[in-house]
Structure formats: C-alpha cells, structure tokens
K.L.:
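Okay, handing you the structure first.
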Protein chains: 2
Amino acid sequence: MISFQIRARDGSARVGQLTTPHGVIDTPVFMPVGTVASVKAIAPDDLTAIGAQIVLGNTYHLLLRPTPERVAAFGGLAKFMGWHRPTLTDSGGFQVFSLSGRRKLTEEGVEFQSHLDGARLSLTPERAIAIQEQLGADIIMAFDECPPAQSTRAYLEESLARTARWAKRCKDAWHSDGPSALFGIVQGALDLELRRRSAEEIGALDFPGLALGGYSVGEAPAQMHQSLPDTVPLLPDGKPRYLMGVGTPLDLLVGIGAGLDMFDCVLPTRVARNGLLFTSRGRLVIKNRRYADDQAPVDERCQCYTCRTFTRGYLRHLFQAQELLAYRLNSLHNLAYYLDLMAGARKAIAGGTFGAYAAQARAGWEESLGEEERQT
Amino acid sequence: MISFQIRARDGSARVGQLTTPHGVIDTPVFMPVGTVASVKAIAPDDLTAIGAQIVLGNTYHLLLRPTPERVAAFGGLAKFMGWHRPTLTDSGGFQVFSLSGRRKLTEEGVEFQSHLDGARLSLTPERAIAIQEQLGADIIMAFDECPPAQSTRAYLEESLARTARWAKRCKDAWHSDGPSALFGIVQGALDLELRRRSAEEIGALDFPGLALGGYSVGEAPAQMHQSLPDTVPLLPDGKPRYLMGVGTPLDLLVGIGAGLDMFDCVLPTRVARNGLLFTSRGRLVIKNRRYADDQAPVDERCQCYTCRTFTRGYLRHLFQAQELLAYRLNSLHNLAYYLDLMAGARKAIAGGTFGAYAAQARAGWEESLGEEERQT
C-alpha cells in the first residue's frame with residue numbers, strides 16, 4: 001500500500017512524497033510509459049540513470065501478451081522487466097474504448113477483440129482489478145469509460161453514471177490489504193458540473209488516490225489548461241492526484257500549477273522515434289539539414305548520456321541512416337528532459353518560485369520554436 | 001602509427017599487444033562492426049562495458065553518408081561516433097564488389113552506383129586511401145578486389161595481379177607518417193599456390209600489418225578451416241594478422257589456433273536482431289516457445305547487462321512483441337559472448353592451454369546445439 005505526504009506548497013502546486021512497496025516517489029512526477037513491459041528502446045539502466053522513479057504498464061497490452069499469469073509467475077511487472085522500482089498499471093479501459101468497431105459495451109463490462117489475432121476477450125471492473133493484482137503494480141487503476149471529447153452531454157451523463165457504478169465494483173473487488181493501491185478515476189470531459197458530480201461520487205469511495213481521466217482525448221490544449229484550475233480542487237487535497245495520459249512540457253507545467261502530482265504520456269518517447277527532441281530552447285527536429293554539421297549537443301543544459309556524448313550532427317546522421325541507436329538516444333534525451341523539468345519544478349515549488357520557473361521555461365521554448373518550425 | 005608486440009605463444013596461437021594512437025589493443029581481438037559509424041543498436045557505453053577494444057567502420061557506407069569530409073570535420077570516425085578508443089576502416093572494396101551489375105571494374109579502379117540514390121561514384125586505390133585518411137581510423141586497409149569463391153582460376157590470377165598493383169598504389173598514396181597505419185590484404189581464395197604468391201607480393205611492400213581477405217565469401221566453413229593453418233604462416237610472424245569478415249565462434253577459435261590476431265564480423269549483431277543468441281552451451285533461438293516461462297538468464301556464465309538483468313522469458317517477450325529494446329539486449333549479449341571468448345583465448349594462450357580451451361568451448365556448444373535446432 002501507499003502513503004502520501006505533502007512537503008511543500010507554492011500556490012496550488014505541491015511537492016509530495018508517495019511511499020510505495022517498491023520505494024519512495026517524489027512528486028510532481030512524470031512516469032515513462034512501458035506499454036508492453038518495456039519503455040520503448042529504453043532499458044532500466046537508462047531509466048535509473050535519468051532519475052525515473054516509476055514506470056507505467058498497459059493492462060490491455062499485457063493481457064494479450066505475455067499474459068498476466070506469466071507476469072505473475074515471473075514475480076510481477078517490475079521484476080519481469082528488470083525494473084526494481086515502483087510501477088503503475090492502467091486498467092485497460094482507455095485502450096479497449098479506442099478499439100471502436102471491435103468492442104461492445106454493456107453494464108457488465110466490455111467485450112472486445114484482440115488487435116493481434118482477433119481473439120474475443122472481455123474486461124469487467126472485477127476482471128480489470130484481478131488482472132492488475134496479478135501484474136502486481138504498486139498503483140492500479142479503476143476500470144472506467146473514457147468517452148471522446150466530442151460526445152453529447154446526454155452520453156457523457158450516462159457514461160459518468162456507469163463509471164461511478166463500475167468504480168464501486170472495482171473497490172469491492174480490490175484487495176485493499178494487498179500490495180497494490182487502487183486509484184479512482186474522475187471523468188466529465190470539459191464540463192465542470194459533470195466533473196464536480198464525478199469527483200463527489202468517486203471521492204466518496206475513499207480510494208488511496210484519484211486520477212483525472214478524459215483529458216487529451218481530442219480537445220484543444222487550451223481547453224484543458226482552462227479546465228484544470230477549476231477541476232483539480234474538486235479532488236481531495238491530501239491524496240495523490242494523477243492526470244492521465246498528459247502531455248507536452250507545457251501541459252505538465254500547467255498541471256503542476258493546478259495542483260496535480262502525477263503524469264504519464266507516450267509523447268516524449270513516441271516523438272523521439274520520429275526525431276523530435278525537446279530542449280530548453282524549444283523543439284528540435286533532428287533530421288533538419290541545418291544540424292548536419294552541428295557539433296553542439298542537443299541541449300547544452302542537459303546532462304543525459306545523449307547530450308554528454310553525441311553531437312546534433314551525429315544524431316542527425318543516425319536518424320537519416322535509420323540506425324536503431326537513434327531510437328535509444330533520442331528517447332533517452334526526451335525522457336531526461338521531462339524528468340529534469342519535473343525535478344526543477346519540485347525544487348522551485350519547495351523554494352516558492354514555481355511561477356517564475358514555469359514562466360522561464362515557457363520563455364525559453366518560445367525563443368526558438370518559431371524559427372525551428374519555419375525551417376523544418 | 002602502430003606497434004605490435006607478441007607477449008606469449010601456444011603452438012601457432014599468440015597473444016599480442018597492438019599499440020595505436022587511440023590506445024592499446026590486446027590480441028587476439030574481435031572487432032565489432034559499426035557499418036555507418038554505429039554498431040547497430042549498441043552505443044559506446046555498452047561497448048565499453050563489455051570490453052570492446054576497437055570498432056570497425058565501412059568506407060563505402062561512410063562515403064555515401066555522412067561523407068568523409070563531414071566525419072573529418074567532426075574530428076574523425078572515433079570522435080564522431082562518441083567512441084574514444086581505436087577504430088579500423090575497410091577500404092570499401094568488399095562492398096563495391098558486392099554491387100554486381102552496378103559497378104564497372106578497370107585497371108584504374110571501380111565505378112559504381114550508390115545503393116541509396118543511384119549516384120555515380122568511383123573508388124581507386126588512391127581515393128580509397130585518401131577517404132580513409134579523412135575518416136582517420138587507427139588502422140586503414142588497402143583497396144583490393146575480393147573475388148567470389150566460385151571464380152575461375154584464370155580470373156583469380158588476373159585479379160590477384162591487379163590487387164598487387166593496387167596494393168603498391170595504396171602504399172604510394174598513403175601518408176606513412178600520419179596517424180593511420182595501412183594494412184595490406186592477401187587474396188588467393190582456397191588456392192595455396194595463389195595465397196603464397198599474394199603473400200610474397202603484398203609482403204614485399206612491408207605494410208605495418210597484413211590481412212587475409214577472400215574468406216567467408218561462399219566457401220564451406222570446413223574449407224576455410226583447412227586452408228588457414230597452411231596460409232597464415234605465409235604472413236610475417238612479427239606483424240599483426242587480420243582475418244577479414246570472419247566469423248562464427250568456431251571460426252574464431254580455428255583462426256586463433258592458426259596464428260591470427262584480429263577478426264571482425266557482422267554475424268553476432270546481425271543474428272542477434274533475428275533472435276539468435278550465442279551461449280557457452282550452443283545457440284539459443286529466443287523466439288522458441290520453450291523459453292516463454294524460462295526464468296534463467298541467456299547464459300549463466302555470462303556477466304553482460306542482459307544476462308545479469310533479464311530472463312529468457314522476458315527476452316522472448318520483447319522479441320515476440322518486436323520491442324526495440326530486444327535489438328539492444330540481444331546484440332549486447334552476443335558481442336559480450338564474442339569478446340569473452342576472445343578474452344578467454346588470450347588467457348589460455350598465455351597459460352599454454354589454448355588447445356584445451358578451444359576443445360572445451362566446442363564440447364559445450366555441441367552439447368545443446370542439436371537439441372535446440374530440432375525444436376526451432
């Protein structure tokens with residue numbers, strides 16, 4: 001199980017310590033995503049070197065392959081992947097609801113087909129909890145429905161009520177004396193009234209932590225940024241607050257400023273594989289011809305292995321030649337950038353300077369972003 | 001420039017120290033291949049961890065991309081790729097002669113088309129040396145013709161004479177007072193008479209080291225194993241002897257036993273990407289279903305990061321899921337296996353037990369190889 005202590009505050013932002021069976025996590029924290037028990041192109045040695053504290057796995061993917069039974073036989077997700085620190089699994093709901101046309105929703109749960117071989121499978125709140133308890137992560141998530149941003153209000157209300165009933169079933173199925181702490185998920189899209197209703201219903205179940213789902217599902221980033229400051233205070237102050245599947249470096253700063261503690265996103269690793277690198281001066285498209293003769297590191301302020309060892313010119317060469325090493329080096333840097341951004345935020349909050357820190361980071365990005373995009 | 005000292009002998013096998021501008025190399029040595037300035041899926045940190053001493057780059061590939069001018073501007077091949085130890089480049093001849101249908105051979109050199117964009121290019125002995133001096137490796141190779149194993153004797157004789165004329169032109173073009181030591185290449189296929197003639201002609205040019213080319217070009221391994229003990233003594237005893245493009249672990253032991261000092265091959269990394277792992281008990285096909293629940297490391301006797309950290313079951317999962325991490329972890333292990341085999345050989349030669357060492361390694365492989373292949 002977990003415990004959570006808030007150590008410092010700066011406005012709505014907070015620094016906390018989240019204690020789990022596999023170790024202590026300093027928050028705000030960004031959690032690299034290891035979909036099928038591997039952060040793509042990145043091994044645990046790299047994760048440790050850049051200060052990753054917790055890694056996320058995806059229940060839907062692990063259910064298909066290698067199966068929860070097999071992960072359990074290997075000692076659970078962390079041990080299976082050679083990562084001896086905390087892990088978190090999602091409930092599978094988000095992926096299953098993305099399989100539109102291949103899934104059928106009932107009050108009981110969802111029937112769906114595997115994207116790998118078409119096998120018919122189902123997830124219910126009870127089964128999502130049982131699978132996650134087999135996977136054995138330190139934090140597991142309730143099985144919810146995550147409706148798209150463009151849903152009608154009538155559908156959102158129906159979905160919200162079902163998600164609340166499912167949350168209760170998850171709570172009842174969960175072994176609260178086991179090693180996995182169950183987080184509830186608050187939905188409600190961009191509608192503050194629905195968010196309030198969901199926060200009350202889910203909050204009443206007294207989960208060890210709470211998450212906001214239903215962001216980054218098709219709405220404009222500005223809409224999310226506008227929504228968070230009103231929505232986050234609906235979650236209990238003393239519990240960890242997790243914004244699921246978000247986002248860009250700017251999204252993280254906005255989320256931290258609104259009082260959120262945990263974030264995950266495939267963005268830094270996915271765009272790294274496409275050659276987009278995050279830096280303190282904005283985004284850098286490594287395949288750009290202007291970097292062919294550039295002997296500077298990706299980001300002079302970054303201390304990751306990629307930036308300590310290689311030039312932009314070499315990284316461009318690797319990317320152009322489609323060398324496998326490009327994926328590791330680019331992903332490593334982007335994750336290091338995210339983790340450094342969070343470490344800086346924790347320090348700034350503790351020092352009462354988070355507003356200035358966020359403003360400075362944004363100013364740095366804006367400095368070169370336009371220039372880069374013109375040349376791409 | 002280089003110097004070479006033989007420190008111990010055991011039969012024809014020898015342990016030596018090859019001193020280069022970028023550091024000292026203990027021989028016999030296996031050189032991982034970094035075709036386009038990257039050992040595929042493996043960064044310098046991994047190479048250092050497993051005890052790699054020297055890395056090979058391919059002139060043909062580097063000529064096309066990123067170009068020798070660019071590599072020179074970055075401080076040479078080693079610095080460009082973030083590897084601060086010795087490097088060796090081939091002359092480009094082997095790749096160019098593989099472009100059958102896309103190249104034209106004259107006394108002057110070879111005209112060919114880039115496999116990337118069809119651009120017309122040419123290599124001559126003089127240009128191959130100039131390019132390699134730009135790349136700046138510690139050891140560079142003469143530009144030779146490497147005829148296929150099934151060539152007629154008449155063609156082999158014609159080719160051998162041209163290779164000798166080209167070797168002289170390479171020697172004349174080479175800056176012997178520069179940082180790159182030029183090795184001559186002895187050809188002659190499986191014909192001992194031709195090998196003798198070539199060894200005399202190339203040997204007379206007094207290169208700092210000599211290589212055997214024209215093996216592993218289509219002949220049966222047993223033919224090479226039979227040829228080496230007669231051929232290697234044709235090379236000067238006091239200079240480093242390099243067997244190009246070879247081979248399997250068994251090939252290396254046979255080559256060491258015959259008195260060779262240096263080896264390179266893409267085999268360990270190429271087959272690793274296809275899931276074939278070398279172990280002290282033979283070959284292991286990681287996708288095999290029998291490994292799905294196997295919690296043992298790939299090789300209990302191996303101390304590489306892969307074997308210290310991950311189970312066969314996890315590596316099988318990564319390979320089946322086509323995770324990028326599989327390529328790094330598999331390649332790292334196979335290279336570690338090769339480098340450990342060489343370190344063991346050096347120790348055995350120094351202790352006068354190389355024969356027993358080689359016999360023991362072969363017995364280990366034969367133990368499980370048949371079983372594995374039946375189940376694949």
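Order of the sequence lines fixes the chain letters, A, B, ..., with proteins taken first and strands second; residue numbering starts at 1 for each chain.
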K.L.:
Would you mind checking which part of L64(A) comes under 4.5 Å of any heavy atom in chain B, side chain (CB onward), backbone (N, CA, C, O), both or neither?
P.N.:
neither
K.L.:
Answer with side chain, backbone, both or neither: which region of D46(B) has an atom nearer than 4.5 Å to a non-hydrogen atom of chain A?
P.N.:
side chain
K.L.:
If you count heavy-atom pairs within less than 4.5 Å of chain B, which of L116(A), L325(A), L324(A), L329(A) leads?
P.N.:
L325(A)
K.L.:
Go through the atoms of A292(B) and report whether side chain, backbone, both or neither lie under 4.5 Å from a heavy atom of chain A.
P.N.:
both
K.L.:
Please indicate whether F94(A) has more than 12 foreign heavy atoms, meaning atoms of other residues, nucleotides or ligands, lying under 6.0 Å from its CZ.
P.N.:
no
K.L.:
Answer with side chain, backbone, both or neither: which region of F310(B) has an atom nearer than 4.5 Å to a non-hydrogen atom of chain A?
P.N.:
side chain
K.L.:
Under the salt bridge (charged side-chain N to carboxylate O under 4.0 Å, His left out) rule, what do R328(B) and D45(A) come out as? Steps first, then yes or no, please.
P.N.:
CA-CA 12 Å; R328(B) 176 183 170 210; D45(A) 59 347; 2.8 Å; yes
K.L.:
Under 4.5 Å, counting heavy-atom pairs only, tell me which of E323(B), R316(B), R273(B) racks up the most with chain A.
P.N.:
E323(B)
K.L.:
Give me the contact list for residues 32-41 of chain A versus chain B, heavy atoms only, anything under 4.5 Å, ordered by residue number.
P.N.:
V36(A), A37(A), S38(A), K40(A), A41(A)
K.L.:
Kindly check if the number of other-residue, nucleotide or ligand heavy atoms within 6.0 Å of CD (E69(B)) is above 12?
P.N.:
yes
K.L.:
What part of T311(A) lies closer than 4.5 angstrom to a heavy atom of chain B: side chain, backbone, both or neither?
P.N.:
side chain
K.L.:
Look at A43(A), S331(A), G82(A), A326(A) and state which one has the largest set of heavy-atom pairs under 4.5 Å with chain B.
P.N.:
A43(A)
K.L.:
Just by distance, do the side chain of Q295(B) and the backbone of A73(A) share a donor-acceptor pair under 3.5 Å?
P.N.:
yes
K.L.:
Where do G313(A) and F74(B) come nearest, in terms of heavy atoms and distance?
P.N.:
CA-CZ, 3.7 Å
K.L.:
Once you measure the plane-to-plane angle for H317(A) and F80(B), does it fall in the parallel (<30°), tilted (30-60°) or perpendicular (>60°) bin?
P.N.:
tilted
K.L.:
Heavy-atom distances under 4.5 Å only: say whether Y314(B) touches chain A with side chain, backbone, both or neither.
P.N.:
both
